[in-house]
Amino acid sequence: MSVREGRRLARTIAIGPHSMTADEPEPISSDTGPTPGELLLAALGSCTSMAVRAFADRHGWRLHHVDVDVHFEPQGQIVKNIRLAGDLEPAQVERLLAVAGRCPVHRLLTGDVSVTTVPTVVAPAGR
């Protein structure tokens, strides 16, 4: 995965064969893509939805739809709203909600995470 600088604060994100844009809204930048925070929430929401769907399918449960809305609260808390539609028993709903809290991105965000920064400084040509 790599991130390359674009116009103003826009960034091109390359992930294998995929590419997308991250940006900030106007007037800070040009609003050509979601903000980094929105991308983080999208990762959490999509991971949650995938984990719930995979678990339900693996058990043959009649989950017709799983939708996840994710947002930041003003205090910095992340809130996930999960809508499950299907012919589910209460115990199945309970299990699916437990799975939703154990998806890899959820565990990463709630665990002890460390980030190491490795700097590379490139001198301008001709120096």
Side-chain angles (χ1 to χ4, degrees):
M1 204 259 327
S2 65
V3 177
R4 299 293 178 253
E5 188 170 35
R7 185 175 178 273
R8 296 180 76 183
L9 295 179
R11 299 295 181 259
T12 299
I13 303 164
I15 306 167
H18 309 285
S19 97
M20 61 182 71
T21 301
D23 201 357
E24 291 290 339
E26 294 179 345
I28 298 169
S29 193
S30 304
D31 200 18
T32 59
T35 68
E38 290 166 338
L39 290 171
L40 176 70
L41 295 179
L44 177 59
S46 59
C47 184
T48 299
S49 177
M50 290 174 185
V52 169
R53 167 57 62 200
F55 191 86
D57 288 354
R58 187 169 49 249
H59 288 84
W61 295 350
R62 295 178 310 226
L63 174 64
H64 303 300
H65 235 38
V66 56
D67 293 320
V68 181
D69 294 323
V70 188
H71 67 273
F72 287 112
E73 286 288 308
Q75 306 83 2
Q77 180 183 15
I78 296 173
V79 176
K80 287 194 304 188
N81 293 309
I82 302 171
R83 285 183 307 285
L84 304 172
D87 301 319
L88 300 167
E89 301 292 326
Q92 291 172 324
V93 170
E94 188 176 326
R95 289 282 306 276
L96 291 173
L97 293 177
V99 166
R102 291 192 313 269
C103 82
V105 174
H106 188 115
R107 286 184 290 145
L108 179 69
L109 290 173
T110 58
D112 291 328
V113 177
S114 66
V115 176
T116 302
T117 301
V118 179
T120 301
V121 178
V122 179
R127 272 189 144 185

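Here the structure is a predicted model, which means the values were calculated and not measured.
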Over 12 foreign heavy atoms within 6.0 Å of CD, E89: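 For E89, atom CD is not crowded (no more than 12 foreign heavy atoms under 6.0 Å).
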
Test applied, side-chain contact (heavy atoms from CB on, under 4.5 Å); reference residue, K80; option that passes from L41, L97, L44, D69: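 So the option named by the test is L44.
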
If I take atom [atom1] from residue [X] and atom [atom2] from residue [Y], how far apart are they, to the nearest 0.5 angstrom?
X	Y	atom1	atom2	value
R102	T48	CZ	OG1	12.0 Å
C47	R107	SG	CZ	8.0 Å
N81	D67	CG	CG	11.0 Å

V99 to A51 - nearest heavy-atom pair and separation: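 Of all heavy-atom pairs spanning V99 and A51, the closest is CG1-O, 3.6 Å.
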
Closest heavy-atom pair and its distance - G45, V70: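 For G45 and V70, the tightest heavy-atom pair comes out as CA-CG2, 3.7 Å.
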
Hydrophobic cluster membership, L39 vs V105, 4.5 Å side-chain cutoff: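 Per the 4.5 Å side-chain linkage, L39 and V105 are not co-clustered.
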
Hphob cluster co-occupancy, L40 + L108, side-chain heavy atoms under 4.5 angstrom: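 Cluster IDs for L40 and L108 differ.
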
Listed once per pair and sorted, the side chain to side chain donor-acceptor pair (under 3.5 Å) pairs that draw on residues 8-26, sequence neighbours left out: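 Qualifying pairs: E5-R11, D23-S29, D23-T32.
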
Pairs involving residues 20-58, ordered by first then second residue, that meet ring-ring contact (aromatic ring centres under 6.0 Å, His included) (sequence neighbours left out):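 Every pair satisfying ring-ring contact (aromatic ring centres under 6.0 Å, His included) with a residue in residues 20-58: F55-H59, F55-W61.
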
Pairs meeting criterion ring-ring contact (aromatic ring centres under 6.0 Å, His included) with involvement of residues 66-112, two or more places apart: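 Listed once each, the pairs would be none.
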
Step-by-step side-chain contact (heavy atoms from CB on, under 4.5 Å) determination, H64 to D87: CA-CA 8 Å; H64 303 300; D87 301 319; 3.5 Å; yes

By side chain to side chain contact (heavy atoms under 4.5 Å, CB included) - contacts of V66 (at least two apart):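 Residues passing side chain to side chain contact (heavy atoms under 4.5 Å, CB included) with V66: S49, V52, R53, L63, V68, I82, L84.
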
Test side-chain hydrogen bond (donor to acceptor under 3.5 Å, both in side chains) applied to R7 - qualifying residues, sequence neighbours left out: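 Checked R7 against side-chain hydrogen bond (donor to acceptor under 3.5 Å, both in side chains); matches are S30.
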
Side-chain hydrophobic cluster, 4.5 Å single linkage: members besides L9: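 Besides L9, the cluster holds I28.
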
